[in-house]
Amino acid sequence: MNLVVVSNRVSRASANEPMTGGLAAALLPVVEKSGAIWVGSSGRVRDGAQKEPFAEIEALGAGALAMLDLPAAHYGGYYEGFANSALWPALHSRTDLICTSHDDYQSYREVNSFFARALLRFRKPDTAFWIQDYHFLALGAELRALGVTHPLGFFLHTPWPARDIFGGVPHHRELVEAMLAYDLIGFQTEGDRDNFLSYVDGDLGLDTTGGVVMSRYGVSRCAVFPIGIDPAKFAAHAAKAASHPDVSRLRRSLNGEKLAIGVDRVDYSKGLVNRLDAFDRMLTRQPQLKRSVSLLQIATLSRGTIEAYGDLQNQLAKLVSDINGRHGEVDWTPIRYLNKGFSQTVLAGLYRTAQVGLVTPLHDGMNLVAKEYVAAQNPVDPGVLVLSKYAGAANELDTALLVNPHDVDGMARTIATALSMPLLERRMRWEAMMAKLRAGTIQDWFADFVEALQQAHVVNDKTPVETLPVEPAVLWPVQSLGAGVGSRFH
Ligand code: F6P
């Protein structure tokens, strides 16, 4: 089978370069190994891209990375508009932040259709397409409209909200109907899948028994595939990073003081304000903890042109400054707040230096930082994970200290509990979490989804793909992938 993986953001960073986004970082090593073609945005836009698609292709492990310049006229409406100002807030149950227009929706559909046409050149008789995330809810339907009968899988990295909340998205019905073009629709948790099926049942009136939906496209199977990490690799990074200058400088600067760490994109779904409030409250209620613990919050800026993100950046900068102003001393600062990214290797070293990992989103599909923090710990003296019960990871990492991120007092108490937890309890909790991480790695996730996609398509298959014309030359002049690797072409 030839696998084509599609995501908006792609990555070619090595473990020593700063990483961009959970999805791209997670996919990179498995896609590299699988020999798949990974197709995504180049991060550039071009006038006329729609008429004359342009891709840069380079080798990626055993496969290839194909990066498309996106149509300039539609990029803003697609990415900042419909994807991140309508779908993202709704998927994270923040319909109050939906701010979009019909033009944004048109641009979203245009970019989905643009990707579908671009993907045709990678189609071979035995190709399967695996589409990632909320940027491409309608891409499967666009492929079907172009006559593609190959296996089409979709995986959602974010949560799927309650039925009436998704109903707050303009054009919600068209979008979910379009999703049924996929043979297999994967979710992070049972709760996400159940919410989706409740929408399909309630709003579309379709039978969803056993997670199987029959629509005009045929059968779609809806299933749960919790994404994992490579825990052995992370542990190796953490051990190696101990001597990295950033990590050793941090350790020296702590002077024996304990450290709590948070690593997030600046996004309203991450619960950063509540977390900082909880740290503040802990220092206010238990002043004896001052000078014995500080917080390192790494907060990479993201989607800054969207008003809700710009406002949050300003709010956080002010909050950190207020807390440091109130609790700080001439030689002690409670919160180090950094708006920059770090490589996976350095991050693993920073996680291992911290006695407490704070992962407290208001809503999160999975949250791989939680898993990475656990994997990076020193087995003989592990730190404690404080984890929001609203992160998908809480389903597996149930021996973390689970918190309600809306209960600031409760979080303040739990952080203090984590700081004083005895070694035996820390080890027992950590070993239970590591066992879960080893039982569901990123390699398992990838292999399980691909196998389930093949099975779902066998059930669904009505037209043998071998009988189809392979390449519509009118759309793109054909050039073999091998010849294209490492070059740019039209
Ligand atoms: O599903 C979440 C996700 O797609 C992750 O890859 C990542 O955390 C984030 O969204 C990336 O967002 P962006 O590509 O807009 O920076």
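Just so you know, ligand 1 is whichever comes first in the structure, and atom 1 is the first atom listed for that ligand.
Near Arg9, the atoms of ligand 1 lying under 4.0 angstrom from a non-hydrogen atom of the residue are 13 (P), 14 (O), 16 (O). If you number the atoms of ligand 1 from 1 as listed, the ones under 4.0 Å from a heavy atom of His157 come out as 1 (O). Near Thr158, with a cut-off below 4.0 Å to any heavy atom, the atoms of ligand 1 are 1 (O).
The shortest N or O to N or O distance between Asn8 and ligand 1 is not under 3.5 Å. Looking at ligand 1, you won't find any N or O of His135 less than 3.5 Å from one of its N or O atoms. Residue Asp133 places at least one N or O, backbone or side chain, under 3.5 Å from an N or O of ligand 1. Considering both main-chain and side-chain atoms, Ser302 never comes within under 3.5 Å of ligand 1 through any nitrogen or oxygen pair. The shortest N/O to N/O separation between Ala24 and ligand 1 does not fall below 3.5 Å.
Between Glu142 and Arg117 there is no salt bridge, since none of the side-chain N atoms of the basic residue sits less than 4.0 Å from a carboxylate O of the acidic one. A salt bridge is defined here as a Lys NZ or Arg NE, NH1 or NH2 lying under 4.0 Å from an Asp or Glu carboxylate O, and Arg303 with Asp267 meets this definition. Between Lys270 and Asp364 there is a salt bridge, since a side-chain N of the basic residue sits under 4.0 Å from a carboxylate O of the acidic one. Between Asp203 and Arg163, at least one side-chain N (NZ, or NE/NH1/NH2) sits under 4.0 Å from a carboxylate O, which counts as a salt bridge.
Remark: the Asp69 side chain and the Ser42 side chain contain an N/O donor-acceptor pair separated by less than 3.5 Å.
Looking at Tyr309 against ligand 1, nothing comes within 4.0 Å, counting heavy atoms.
A cation-pi arrangement is not found for Arg144 relative to Tyr217, the charged atom failing to lie both closer than 6.0 Å to the ring centre and inside a 45° cone about the ring normal.
Residue nearest to atom 10 (O) of ligand 1, selected from Arg303, Met366, Gln132: Arg303 (by heavy-atom distance).
Put simply, the side chain of Gln188 gets close to the backbone of Ile227: a donor and an acceptor are under 3.5 Å apart.
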